[in-house]
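Residue numbers start at 1 and run along the sequence shown. Bear in mind the structure is a predicted one, so any value in this text is a computation, not a measurement.
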Amino acid sequence: MSLDNTPEQSQLGRASAYVDHYDPSLLFPIARATQREAMGIKEGALPFFGADLWTAFELSWLNPRGKPQLAIAHFTVPCETPNIIESKSFKLYLNSFNSSVFVDLDAVRLRLRTDLSEAVWRGSGRTGGVGVKLVPPAAFETETVHELDGLDLDRLDIECTQYQPAPDLLASDTTQAPVTETLTSRLLKSNCLVTGQPDWGSVAIRYSGPPIDQAGLLAYIVSFRNHNEFHEPCVERIFRDVWRRCQPNKLAVYARYTRRGGLDINPFRTSWPQALPENVRTARQ
């Protein structure tokens with residue numbers, strides 16, 4: 001059974017009533033397949049591993065005595081799930097915890113994991129889990145801010161003329177010895193597929209293979225500036241284009257987007273199995 005939810009049916013761009021009592025029906029899953037198929041990515045043969053790493057900074061509920069409780073939540077959604085969660089529906093869902101009573105932190109974590117896991121696998125006939133980590137106030141100081149490690153592409157003084165994804169800007173020098181390096185930029189910007197609102201992000205591209213032309217890569221990142229697409233397919237598009245045009249032996253693409261409505265979405269895609277990036281924030285988040 002396929003999922004027939006489309007972005008146009010979501011709460012994005014609409015006035016919404018904020019429900020403050022627990023309501024899992026607020027979650028609105030959107031199938032990944034539509035945008036992946038448009039890029040030539042087949043659901044049954046993904047060219048990457050990875051996950052979408054969400055951070056929620058506005059999570060609160062009541063304990064059995066009615067006292068508000070707080071936590072920062074980290075969610076890990078595997079990239080092989082058939083659905084993403086539309087971000088506004090995610091915010092509305094989290095807001096519905098505000099006046100609901102839960103016994104303790106573990107009860108909140110279990111409820112989040114159960115609801116989100118059902119939503120991202122809905123309509124597929126398959127099941128799986130979503131990772132949920134809750135950070136209580138006593139541990140807030142462990143939530144570090146750290147810029148992406150790597151060589152900063154933004155140092156380059158380049159001319160930019162294209163503002164829709166332009167993979168022809170990408171190139172590598174196959175006459176040179178292979179390298180292993182990480183190239184970063186804070187100039188990733190795209191727009192919400194439904195509302196057109198800007199999404200700002202930083203991106204790290206780690207690869208092994210022929211040296212990638214850095215000026216071309218930076219111009220390519222900038223070319224997303226007027227592009228309308230959700231965070232997750234933007235990162236998958238970058239991965240696909242760099243993989244095809246530059247032909248690295250290994251490739252990993254990680255984007256950290258600024259938060260909106262107390263949520264940030266940080267997709268990670270890699271050509272080889274590896275540990276997920278550490279859950280740190282960049283200064284712009």
Side-chain angles (χ1 to χ4, degrees), residues 7 12 32 35-36 38-39 41 48 50-55 77 79 84 87 145-172 181-207 212-246 248 251-261 263-271 276-285:
L12 281 171
R32 297 184 191 265
Q35 293 183 67
R36 283 179 172 172
M39 288 186 279
I41 297 175
F48 43 65
D52 305 322
L53 309 176
W54 294 66
T55 312
V77 181
C79 69
I84 62 174
S87 59
V145 176
H146 180 72
E147 289 301 305
L148 294 173
D149 292 322
L151 180 61
D152 185 11
L153 293 173
D154 301 344
R155 76 190 192 284
L156 301 174
D157 184 17
I158 65 169
E159 181 179 5
C160 299
T161 60
Q162 299 192 60
Y163 301 106
Q164 289 290 344
D168 57 301
L169 293 169
L170 296 167
S172 61
E181 62 182 359
T182 302
L183 305 174
T184 66
S185 174
R186 300 178 186 86
L187 301 185
L188 177 62
K189 182 253 179 195
S190 54
N191 304 311
C192 173
L193 180 63
V194 177
T195 67
Q197 293 180 342
D199 294 321
W200 304 92
S202 299
V203 62
I205 297 172
R206 178 173 176 79
Y207 74 97
I212 292 176
D213 176 66
Q214 295 181 13
L217 178 58
L218 179 58
Y220 168 76
I221 292 169
V222 170
S223 75
F224 278 75
R225 196 166 183 85
N226 291 337
H227 180 59
N228 295 337
E229 199 165 48
F230 291 140
H231 300 55
E232 299 92 338
C234 275
V235 171
E236 293 179 359
R237 186 179 297 277
I238 293 171
F239 181 97
R240 183 206 62 172
D241 288 346
V242 173
W243 185 260
R244 288 182 175 179
R245 298 284 302 186
C246 301
L251 175 65
V253 179
Y254 179 42
R256 294 204 64 93
Y257 283 88
T258 56
R259 76 183 76 162
R260 179 184 294 167
L263 284 171
D264 62 42
I265 311 170
N266 310 291
F268 174 69
R269 301 292 184 267
T270 174
S271 65
L276 295 173
E278 291 187 17
N279 207 343
V280 298
R281 294 179 287 126
T282 64
R284 292 181 63 191
Q285 286 177 294

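- A heavy-atom distance below 4.5 Å is not found between the side chains of L251 and F48.
- A distance-only check finds no donor-acceptor pair linking the side chain of R269 to the backbone of F239 [under 3.5 Å].
- Between atom CD1 of residue I84 and atom CD1 of residue I265 there is a gap of 7.5 Å, rounded to the nearest 0.5 Å.
- Rounding to the nearest 0.5 Å gives a distance of 10.5 Å between CZ of R259 and CG of N266.
- Atom CZ in R245 sits 11.5 Å away from atom CG in D213 (nearest 0.5 Å).
- Side chains of L217 and L170 form a contact here, defined as non-hydrogen atoms less than 4.5 Å apart.
- Residue pairs meeting the salt bridge (charged side-chain N to carboxylate O under 4.0 Å, His left out) criterion with at least one member in residues 148-171, sequence neighbours excluded: D152-R186.
- A distance of 11.5 Å separates OG of S223 from CZ of R225, quoted to the nearest 0.5 Å.
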Quick one, H231 with D199, criterion side chain to side chain contact (heavy atoms under 4.5 Å, CB included). Give me CA distance, side-chain angles, the key distance, then yes/no. CA-CA 8 Å; H231 300 55; D199 294 321; 3.6 Å; yes
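- Within the 3.5 Å criterion, the main-chain N or O of W200 finds no donor-acceptor partner in the side chain of K189.
- Looking at Y257 and L188, their side chains come closer than 4.5 Å, going by heavy atoms from C-beta outward.
- Using a 4.5 Å heavy-atom threshold, the side chains of W54 and S87 count as touching.
- Residues that satisfy the ring pair (Phe, Tyr, Trp, His ring centres under 6.0 Å) test with F224, not counting sequence neighbours, are Y220, H227.
- Counting heavy atoms from C-beta on, the side chains of S271 and W243 come closer than 4.5 Å.
- Partners of R240 according to the side-chain contact (heavy atoms from CB on, under 4.5 Å) rule, which considers only residues two or more places apart in sequence or in another chain, are M39, R237, R244.
- Side-chain N or O atoms of T184 include none that pairs as donor or acceptor with a backbone N or O of L148 at under 3.5 Å.
- For the pair C192/R260, a side-chain contact is recorded, criterion being any heavy-atom separation below 4.5 Å from C-beta on.
- Closest approach of V235 and A255 over heavy atoms only: CG2-CB, 3.5 Å.
- Side chain of T270 to backbone of A252: no donor-acceptor contact under 3.5 angstrom is found.
- Distance check: N191 CG to N228 CG gives 5.0 Å after rounding to the nearest 0.5 Å.
- Within the model, atoms CZ of R206 and CZ of F268 stand 10.0 Å from one another, a figure rounded to the nearest 0.5 Å.
- A heavy-atom distance below 4.5 Å is found between the side chains of Q35 and L193.
- Contact detail for S185 and L218: the closest heavy-atom pair is OG-CD1, 3.6 Å.
- Counting only distance, with no hydrogens or angles, the side chain of Y207 and the backbone of I212 share a donor-acceptor pair below 3.5 Å.
- Nearest heavy-atom pair, T182 versus A204, reported as atom, atom and distance to 0.1 Å: CG2-CB, 4.1 Å.
- Between R256 and E147, every side-chain heavy-atom pair lies at or beyond the 4.5 Å cut-off.
- Contact between C234 and S190 at its shortest, heavy atoms only, is SG-OG, 3.7 Å.
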Quick one: do V77 and E232 satisfy side chain to side chain contact (heavy atoms under 4.5 Å, CB included)? Show the steps, please. CA-CA 11 Å; V77 181; E232 299 92 338; over 6 Å; no
